[in-house]
Amino acid sequence: MSRLGDIGAKLHRGEIGYDFVGKRRLWYGVSILITILAFAGLGVRGLHMGVEFEGGAVFTTEATDVSVERAREVAEEASGSQALVQSLGNDGSLRIQVSGLDTDQSNITREALAEELGVPTQELNAELVGPSWGSQIANKAWQGLAIFMVLVVIYLAIAFEWRMAMAALIALIHDLTITVGVYALVGFEVTPGTVIGLLTILGYSLYDTVVVFDGLKETTKNFTKQTNYTYGELANRSLNGTLVRSINTSVVALLPVAALLFIGGGVLGGGMLNDIALSLFVGLTAGAYSSIVIATPMVADFKMHEPSIKAHDKKVLAKRAKREAEENTGTVSGAEAEEPPQDAGDDEGRDESAAGAVVGPRRQPVSRSRGRNRPSGKRR
C-alpha cells in the first residue's frame, strides 16, 4: 500500500487524525479573514462587468501588427470609455471590448480602429450589445443563483436535517464570496462564462459537502447508545475518515482546470476560457476547504448546543474522568483499562461492561447452618 493510502486507512480507522472540530474557532477565524479580504477587494476595485451585462461593443480583428497597448489607446480615445484588449493566440489577432457604448459611439470607434489597423471598416467584425439586454441577463443570473440556493437548502433539510442544510448554505456563500473577491482583485471581467463557472463550482462544493455529511450521518447513527465519544469527537472522526478522499478528488479536479487556466488561457488567448477557468480554479479550492473546515465543524457546533447532546456529552466526559481517576489510583482492572473504543453504532450492553471492578480477591461469605458447623468430612 502506498504511503498516502496507508495514511488514508489510518485516518479511516481513527488511529490518527487532526482535530478539526476541536480547533474549529481557528478555522472560523481564517475564513472570516479571507472573507474580509474578499469584501475589501470588492469595495476597492469592484467587479469588471462584461459587455453582456453592461452593454457595449466587441471588435475582433484579423492578424495584425498593431500592439495591444496601441489598440487600447485608439479605442479609448474614440469612445471615451475604458477598453479591454486581449490578444487571441499567436497570430496577432485582437479582441477589443468597450462597455457602455450606443450604436453611434460604436460606429465611431469601429472607424477609428479600422483606420489604425489599415483595413476597410466593413471588414472589422463588431458586435453591439444593448444595455437593456445586458440588464436582463444579469437579473436572470441572480434569479438562477437564488433558486439554486433555495433548492439546496430544501434538499439537504429533507435528506439530512436543517442544521446540515444551514451549514451547507453558509459554506456555499463562503465559496461564492471568495471567488467573487478574487475576481475583483485579479481584475478579470465577469461574463456569462463566469456565471457558468460559479454554478459549476457551487454544485461541486455541494457534492463534496453532501458526501462528508453522509459519512457524518452514518458515524453518529445510534449516537446515544454509547458513552465512549462526545458528538464532536464522532464528527471529527467522520471528517478525518473522508479527508484523504476529499483531497484526492479536489486535486484530480484542479489539475485539468489549472492546465486550462495557466496553459490554455496563455496559449489560446484567454477570453471566455480564462473567465470559466479562473472561477473553477478558485471555486474548487474554496469548496474543498469549506467542506472540510467549515461545513462539518459548523454542524457539530449546532448539534452540541442541543440540551440532549449536551447532557450526553457531559455523561461521556464524567465517565471518562472517573475512569482516568481510577486508573491513576490503580483501582481499575487491566481488562477495563485496555477496553477498546466502540463506535456509535455498537450495542449499548457492551458499553457498560465492568466499570469500576475491584482488583484482588474478594472476601466470600461464610456458610452457616443455624449457628452449627457442618462436618467437613462427610457428604450426603
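It should be emphasised that the depicted structure is a prediction, and the values quoted were computed from it without experimental measurement.
Under the salt bridge (charged side-chain N to carboxylate O under 4.0 Å, His left out) criterion, the residue pairs touching residues 21-37 are Arg24-Asp301, with sequence neighbours excluded. Judged as a ring pair (Phe, Tyr, Trp, His ring centres under 6.0 Å), not a single pair has a partner in residues 94-126 (not counting sequence neighbours). Evaluation of the ring pair (Phe, Tyr, Trp, His ring centres under 6.0 Å) test over residues 165-186, restricted to residues two or more places apart or in two chains, returns His174-Tyr289.
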Cut-off 3.5 Å, no hydrogens considered: what does the side-chain donor-acceptor table look like for residues 249-262, sequence neighbours left out?
residue: Thr249; atom: OG1; partner: Arg245; partner atom: O; Å: 2.8
residue: Ser250; atom: OG; partner: Ser246; partner atom: O; Å: 2.8

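Although no hydrogens or angles enter the test, the distance criterion places a donor-acceptor pair under 3.5 Å between the side chain of Thr220 and the main chain of Leu216. With Asn236 contributing its side chain and Gly232 its backbone, the two residues share no donor-acceptor pair below 3.5 Å. In this structure, the side chain of Asn125 does not engage the main chain of Thr60 through any donor-acceptor pair within 3.5 Å. The closest donor-acceptor contact from the side chain of Asp19 to the backbone of Gly22 lies under 3.5 Å.
The line from CD1 of Ile36 to OG of Ser31 is 11.0 Å long, rounded to the nearest 0.5 Å. Rounded to the nearest 0.5 Å, atoms CZ (Arg72) and CG (Leu94) are 10.0 Å apart. Taken to the nearest 0.5 Å, the CG atom of Leu128 stands 10.5 Å off from the CZ atom of Arg110. The distance from the CG atom of Asp214 to the OG atom of Ser238 is 9.0 Å, given to the nearest 0.5 Å. The distance from the CG atom of Leu198 to the CG atom of Leu172 is 11.5 Å, given to the nearest 0.5 Å. With rounding to the nearest 0.5 Å, the separation of OG in Ser290 from CE in Met298 is 10.0 Å.
Residues satisfying the ring-ring contact (aromatic ring centres under 6.0 Å, His included) criterion with Tyr204, sequence neighbours excluded, are absent altogether. For the ring-ring contact (aromatic ring centres under 6.0 Å, His included) test, residues two or more places apart in sequence or in another chain that qualify with Tyr231 are Phe223. Scanning for side chain to side chain contact (heavy atoms under 4.5 Å, CB included) contacts around Glu161 gives Arg163, Met164, Lys303, with sequence neighbours left out. The side chain to side chain donor-acceptor pair (under 3.5 Å) search around Glu116 returns Arg70, not counting sequence neighbours. Evaluation of the ring-ring contact (aromatic ring centres under 6.0 Å, His included) rule for Phe160 yields no partner, not counting sequence neighbours.
Atom CD of Glu115 has 12 or fewer neighbouring heavy atoms from other residues, nucleotides or ligands inside a 6.0 Å radius. Under a cut-off of 6.0 angstrom, the local environment of CE in Met166 is sparse, with at most 12 non-hydrogen atoms contributed by other residues, nucleotides or ligands.
Side-chain heavy-atom separations under 4.5 angstrom define the hydrophobic clusters, and the remaining members of the one that includes Ile147 are Leu151. Residue Leu185 is found outside any hydrophobic cluster, as its side-chain heavy atoms come under 4.5 Å of no other Ile, Leu, Val, Met, Phe, Trp or Tyr. Connectivity analysis of hydrophobic side chains (ILVMFWY, heavy atoms under 4.5 Å, direct or indirect) links Leu317 to nothing; its cluster partners are none.
For Glu233 and Arg320, the salt-bridge test passes: some basic side-chain N is under 4.0 Å from an acidic carboxylate O.
No side-chain N or O of Asp313 forms a donor-acceptor pair with one of Thr230 less than 3.5 Å apart.
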Checking Ile96 against Val58 for the side chain to side chain contact (heavy atoms under 4.5 Å, CB included) test, could you report, in this order, the C-alpha distance in whole Å, the side-chain angles of both residues, the deciding distance, and whether it holds? CA-CA 6 Å; Ile96 306 165; Val58 178; over 6 Å; no
